[in-house]
Amino acid sequence: MHCQRQICEDIPQVLDSDVPGLAERPIKIFLPRLFQFFQSPHTSLRKLSLDSVNQYIMLMPSALYTSMDKFLQGLFVLANDPAAEVRKLVCAAFVQLIEIHPSFLEPHLKNVIEYMLQVSKDTDDEVALEACEFWSAYCDAQLPYENLREYLPRLIPILLSNMVYADDDESLVDAEEDESLPDRDQDLKPRFHTPRFHGSDDAEDDDDDSCGIWNLRKCSAAALDVLSNVFGDEILPTLMPVIEAKLSASGDEAWKDREAAVLTLGAIAEGCINGLYPHLSEIVAFLIPLLDDKFALIRSISCWTLSRFSKYIVQDSGNKKGYEQFDSVLTGLLRRILDTNKRVQEAACSAFATLEEEAAEELAPRLEVILQHLMCAFGKYQRRNIRIVYDAIGTLADAVGEKLNQPVYLEILMPPLIAKWQQVSNSDKDLFRLLECFTSIAQALGTGFSQFDQPVFQRCINIIQTQQLAKVDPISAGVQYDKEFIVCSLDLLSGLTEGLQGGIESLVAQSNLRDLLLQCCMDDDTDVRQSAFALVGDLAKVCPVHLCPRLSEFLDVATNQLTTPKLNETIAVANNACWAIGELAIKVRQEISPVVMTVISCLVPILQHAEQGVNKSVVENTAITLGRLAWVCPDLVSPHMEHFMQPWCISLSMIRDDIEKEDAFRGLCAVVRANPSAALSSLVLMCKAFASWDEIRNGELHNEVCQVLHGYKQMLRNGAWDQCMSALEPPEKDKLSKYQV
């Protein structure tokens with residue numbers, strides 16, 4: 001049976017394949033026998049047989065599909081098995097079924113929910129953990145929420161009880177770690193840099209506890225978070241009495257209950273905000289003193305919970321009382337950043353980074369004290385937490401931008417960072433966060449970074465050269481290849497380019513960056529190519545002259561990214577390559593013409609499938625690049641416009657007002673002037689695109705739009721123009737009135 005289970009886990013598809021000499025697939029022969037073992041008196045046989053069947057829920061072979069009633073009957077028989085490991089597997093089966101094939105459970109849903117309620121408070125934590133996965137899975141399944149509503153008054157207290165730290169929770173041991181204890185190697189989790197992506201990126205990480213393993217406490221908190229987002233304020237009457245009771249529990253022995261209550265407030269901060277908002281001031285006022293609690297885990301969870309409310313704390317800072325409370329939260333988090341406990345340091349730094357993102361320029365008046373605290377932490381933290389300080393510094397730079405470019409701030413910020421920069425070797429992975437941190441600082445300081453630019457630029461070049469050599473000859477390079485060093489260095493060079501603008505020109509001129517960059521654009525790793533094309537686009541904006549000697553090669557390799565048969569798997573690379581082509585086009589103008597039609601043939605299908613889940617930024621960049629190509633080569637593009645006008649106009653109307661949108665609309669006007677009849681069938685959508693502007697501030701473009709609209713008004717006779725206008729919404733007509741049509 002052990003061998004059978006191992007096969008089912010490692011290569012389940014083998015048993016669901018035709019075998020010469022057998023009339024049926026092995027899985028069809030094995031399943032009835034496995035179901036029989038569900039009733040074995042031997043625990044090991046019950047466990048191994050159920051575990052074997054569970055491996056097939058995801059694949060759902062026809063043999064299991066047609067035997068689902070027998071499987072469910074077997075699960076109900078095993079539901080109250082005396083062996084915890086069997087009950088855990090029963091829970092795992094129900095969780096998988098609700099995730100993948102919820103329709104199988106619908107006829108039995110009440111019984112299943114009753115059972116999962118029971119085992120969510122099982123005396124065995126592993127069983128309870130598996131059971132608690134069910135509630136989030138249910139909310140994600142295509143099942144009516146109404147079926148769960150009646151159970152909430154019983155479910156919520158169970159989840160809250162599970163959120164209290166267990167006596168053997170590893171965090172209780174970690175919480176005692178003083179800052180003076182060096183980090184162990186196993187404490188330093190591997191981390192991965194996210195390559196530069198031109199466009200919006202909505203990825204968020206709201207994990208309250210990045211340390212340790214997934215456990216019952218975290219799973220229950222996650223389930224409560226999901227439930228609060230589904231049911232909103234209606235869970236508050238059940239929740240609040242329990243929270244208030246736990247918070248009011250006094251004495252050292254009750255600290256775990258108080259901590260769980262604070263965690264609960266953080267878990268429901270998003271889903272129940274409408275009901276909590278009227279009481280937000282009191283909630284925050286209650287949480288602030290907990291930042292100084294004697295128990296480290298209460299201090300750390302209070303940091304996280306305050307960060308969950310940070311958006312609303314910042315929103316309310318416009319009035320005197322709200323401003324004072326915002327200031328109290330900010331100074332409280334800064335105090336905890338200098339806590340002596342490693343766990344609290346981590347929580348405070350992460351919470352402060354969240355507050356920075358929300359507060360943005362509101363932080364400017366407090367920059368000196370913020371920097372003093374962050375750099376003090378930088379000097380005292382061990383390796384694991386110093387990585388979070390890098391993030392907090394980078395987030396601060398992103399938040400306040402050029403306001404950071406003051407001598408008094410740079411004197412606090414830069415010397416320790418430069419010292420660390422000189423101390424860390426080119427093969428030390430701690431360099432990743434430092435490179436990311438410098439990227440944000442360079443972008444924020446702009447030309448103010450010029451006093452630091454030469455050594456930073458040169459080191460990035462050296463790292464890329466060394467890693468490219470290490471890829472083919474690690475012995476000669478003296479280091480093992482790691483693409484992360486290349487990606488981080490490329491992104492820092494992009495940050496330098498964005499910050500220094502034309503000031504980067506002399507550095508590029510004196511380096512071999514062009515050749516290194518072209519090599520990176522042809523790398524077999526998608527992350528390297530993604531960052532490389534981002535840098536191509538950034539350089540094209542400020543010093544295209546240094547790309548021109550190998551322009552045709554850059555254009556060919558960029559175009560190749562759009563013709564790959566597996567575009568969905570490399571969409572981020574295609575996005576950046578597309579954007580880079582557009583940036584090059586408006587700088588080199590007619591020199592782009594050899595690849596125009598090839599690029600357009602790749603862009604049009606992306607626009608045509610824009611409503612089928614294609615990344616929003618990819619669609620926007622596609623529409624903009626198509627517009628830029630149309631602007632510089634209207635004679636080449638206009639004969640083909642009837643093939644893409646409709647999806648193009650729809651995509652253009654979705655783009656926010658900025659310089660890139662201006663370029664795209666210049667292209668639209670150019671091709672319409674060149675071939676007005678081809679756009680007639682898309683005139684309504686074109687008018688909607690023109691109406692998508694809040695205001696065209698560029699006078700030339702405004703006049704071009706006027707000319708296009710007036711041209712069509714004169715062309716369309718016998719009420720055809722009025723018919724076009726009648727297809728527009730009233731707000732769209734109002735927008736077009738600016739053009740006197």
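Keep in mind that what you see is a predicted model, and the values were worked out from it rather than measured.
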_With salt bridge (charged side-chain N to carboxylate O under 4.0 Å, His left out) as the criterion, how do Glu346 and Lys342 come out once you've worked through the C-alpha distance, each side chain's angles and the decisive distance to 0.1 Å?_
CA-CA 6 Å; Glu346 179 180 14; Lys342 288 184 181 180; over 6 Å; no

*Go through the steps for Leu290 and Leu287 under the test side-chain contact (heavy atoms from CB on, under 4.5 Å), then give the verdict.*
CA-CA 5 Å; Leu290 296 181; Leu287 290 171; 4.2 Å; yes

*I would like to know whether Asp491 and Thr439 meet side chain to side chain donor-acceptor pair (under 3.5 Å); could you show each step before the answer?*
CA-CA 7 Å; Asp491 287 350; Thr439 302; over 6 Å; no

*In sequence, state the C-alpha distance, the side-chain angles, and the governing distance for Cys303 and Leu333, and then conclude on side-chain contact (heavy atoms from CB on, under 4.5 Å).*
CA-CA 7 Å; Cys303 291; Leu333 290 177; 3.9 Å; yes

*Verify side-chain contact (heavy atoms from CB on, under 4.5 Å) between Glu662 and Asp657, making sure each step is shown before the conclusion.*
CA-CA 8 Å; Glu662 285 185 10; Asp657 294 4; over 6 Å; no

*Please report the C-alpha distance between Asn426 and Val479 in whole Å, then the side-chain angles of each, then the deciding distance to 0.1 Å, and finally whether the side-chain contact (heavy atoms from CB on, under 4.5 Å) criterion is met.*
CA-CA 9 Å; Asn426 284 359; Val479 296; over 6 Å; no

*asked:* Evaluate Asp252 against Lys294 for salt bridge (charged side-chain N to carboxylate O under 4.0 Å, His left out), listing each step before the verdict.
replied: CA-CA 9 Å; Asp252 288 358; Lys294 67 181 285 188; 3.0 Å; yes

*Yes or no on salt bridge (charged side-chain N to carboxylate O under 4.0 Å, His left out) for Asp430 and Arg383, after CA distance, side-chain angles and deciding distance?*
CA-CA 8 Å; Asp430 285 347; Arg383 283 181 66 199; 3.0 Å; yes

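Ring centroid separation for the pair Phe432 and Tyr390 does not come in under the 6.0 Å cut-off.
Using a 4.5 Å cut-off on side-chain heavy atoms (C-beta onward), Leu224 and Leu160 make contact. Cys520 has its side chain within reach of Leu490: a pair of non-hydrogen atoms, C-beta onward, lies under 4.5 Å apart. Within the 4.5 Å cutoff, the side chain of Ile370 has heavy atoms near those of the Phe352 side chain. With a 4.5 Å cut-off on side-chain heavy atoms, Lys483 and Gln467 do not count as touching. Between Ile268 and Asp225 there is no side-chain heavy-atom pair separated by less than 4.5 Å. Within the 4.5 Å cutoff, side-chain heavy atoms of Phe485 are placed close to those of Lys429. Between Phe457 and Val508, some side-chain heavy-atom pair lies under the 4.5 Å cut-off. The shortest side-chain heavy-atom distance between Cys488 and Leu431 does not fall under the 4.5 Å cut-off.
Heavy-atom minimum distance, Gly266 versus Arg308: O-NE, 2.8 Å. Contact detail for Cys349 and Val389: the closest heavy-atom pair is SG-CG2, 4.0 Å. Nearest heavy atoms, Glu253 versus Ser250: OE2-O, 3.6 Å. Of all heavy-atom pairs between Ala444 and Ala397, the closest is CB-O, 3.4 Å. In terms of heavy atoms, His546 sits closest to Ala509 at CE1-CB, 3.4 Å. Across Cys437 and Gly394, no two heavy atoms sit closer than the pair SG-N, 4.2 Å.
Shown are Arg335, Arg336, Arg343; of these, the salt bridge (charged side-chain N to carboxylate O under 4.0 Å, His left out) with Asp339 is made only by Arg336. Exactly one residue among Ile464, Val456, Thr466, Leu535 makes a side-chain contact (heavy atoms from CB on, under 4.5 Å) with Ser489. That residue is Ile464.
Looking only at distances, a side-chain donor or acceptor of Asn576 sits under 3.5 Å from a matching main-chain atom of Gln530. Side-chain atoms of Ser310 do not come within 3.5 Å of backbone N or O of Leu306 as any donor-acceptor pair. In terms of modelled atom types and a separation under 3.5 Å, the side chain of Ser300 and the main chain of Leu297 share a donor-acceptor contact. For the pair Thr447 (side chain) and Leu500 (backbone), a donor-acceptor distance under 3.5 Å is absent. The closest donor-acceptor contact from the side chain of Arg529 to the backbone of Asp523 lies under 3.5 Å. With Ser350 contributing its side chain and Ala347 its backbone, the two residues share no donor-acceptor pair below 3.5 Å. When atom types are taken as modelled, the side chain of Lys380 and the backbone of Leu338 share a donor-acceptor pair closer than 3.5 angstrom. With Arg258 contributing its side chain and Ala249 its backbone, the two residues share a donor-acceptor pair below 3.5 Å.
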For a quick test of your reading: what N or O donor-acceptor pairs under 3.5 Å do the side chains of residues 319-330 make, sequence neighbours left out?
| unit_1 | atom_1 | unit_2 | atom_2 | d |
| --- | --- | --- | --- | --- |
| Asn319 | OD1 | Lys321 | N | 3.3 |
| Asn319 | OD1 | Gly322 | N | 2.6 |
| Asn319 | ND2 | Asp316 | O | 3.2 |
| Lys320 | NZ | Glu324 | OE2 | 2.7 |
| Tyr323 | OH | Arg366 | NH2 | 3.0 |
| Gln325 | NE2 | Ser281 | O | 3.0 |
| Asp327 | OD1 | Arg366 | NE | 2.8 |
| Asp327 | OD1 | Arg366 | NH2 | 3.4 |
| Ser328 | OG | Glu324 | O | 3.0 |

Under 3.5 Å, sequence neighbours excluded: what are the donor-acceptor pairs made by side chains of residues 398-422?
| unit_1 | atom_1 | unit_2 | atom_2 | d |
| --- | --- | --- | --- | --- |
| Asp398 | OD1 | Ser440 | OG | 3.2 |
| Asp398 | OD2 | Ser440 | OG | 3.4 |

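Within the model, atoms CD of Gln443 and CG of Leu496 stand 9.0 Å from one another, a figure rounded to the nearest 0.5 Å. For the atom pair SG of Cys272 and CG of Leu239, the computed distance is 6.5 Å after rounding to the nearest 0.5 Å. Between Ser136 atom OG and Leu227 atom CG the span is 7.0 Å, to the nearest 0.5 Å. The line from CG of Asp391 to CD of Glu356 is 10.0 Å long, rounded to the nearest 0.5 Å. To the nearest 0.5 Å, atom CG of residue Leu276 and atom CD1 of residue Ile283 are 4.5 Å apart.
Taking the six-membered ring where the residue is Trp, Phe438 and Phe449 present perpendicular rings, their angle passing 60° and hence far from 30°.
Side-chain contact annotation: Asn162 with Arg217, donor-acceptor N/O pair under 3.5 Å absent. For the 3.5 Å distance criterion, the side chains of Asp233 and Asn274 fail to qualify, holding no donor opposite an acceptor. Remark: the Asn385 side chain and the Gln345 side chain contain an N/O donor-acceptor pair separated by less than 3.5 Å. Remark: the Trp579 side chain and the Glu583 side chain contain an N/O donor-acceptor pair separated by less than 3.5 Å.
The neighbour count for Gln451 CD, taken as heavy atoms of other residues, nucleotides or ligands under 6.0 Å away, is above 12.
Not a single ring-ring contact (aromatic ring centres under 6.0 Å, His included) links Phe309 to another residue, sequence neighbours left out.
Arg656 has a carboxylate O that lies under 4.0 Å from a charged side-chain N of Glu620, or vice versa, which qualifies the two as a salt bridge.
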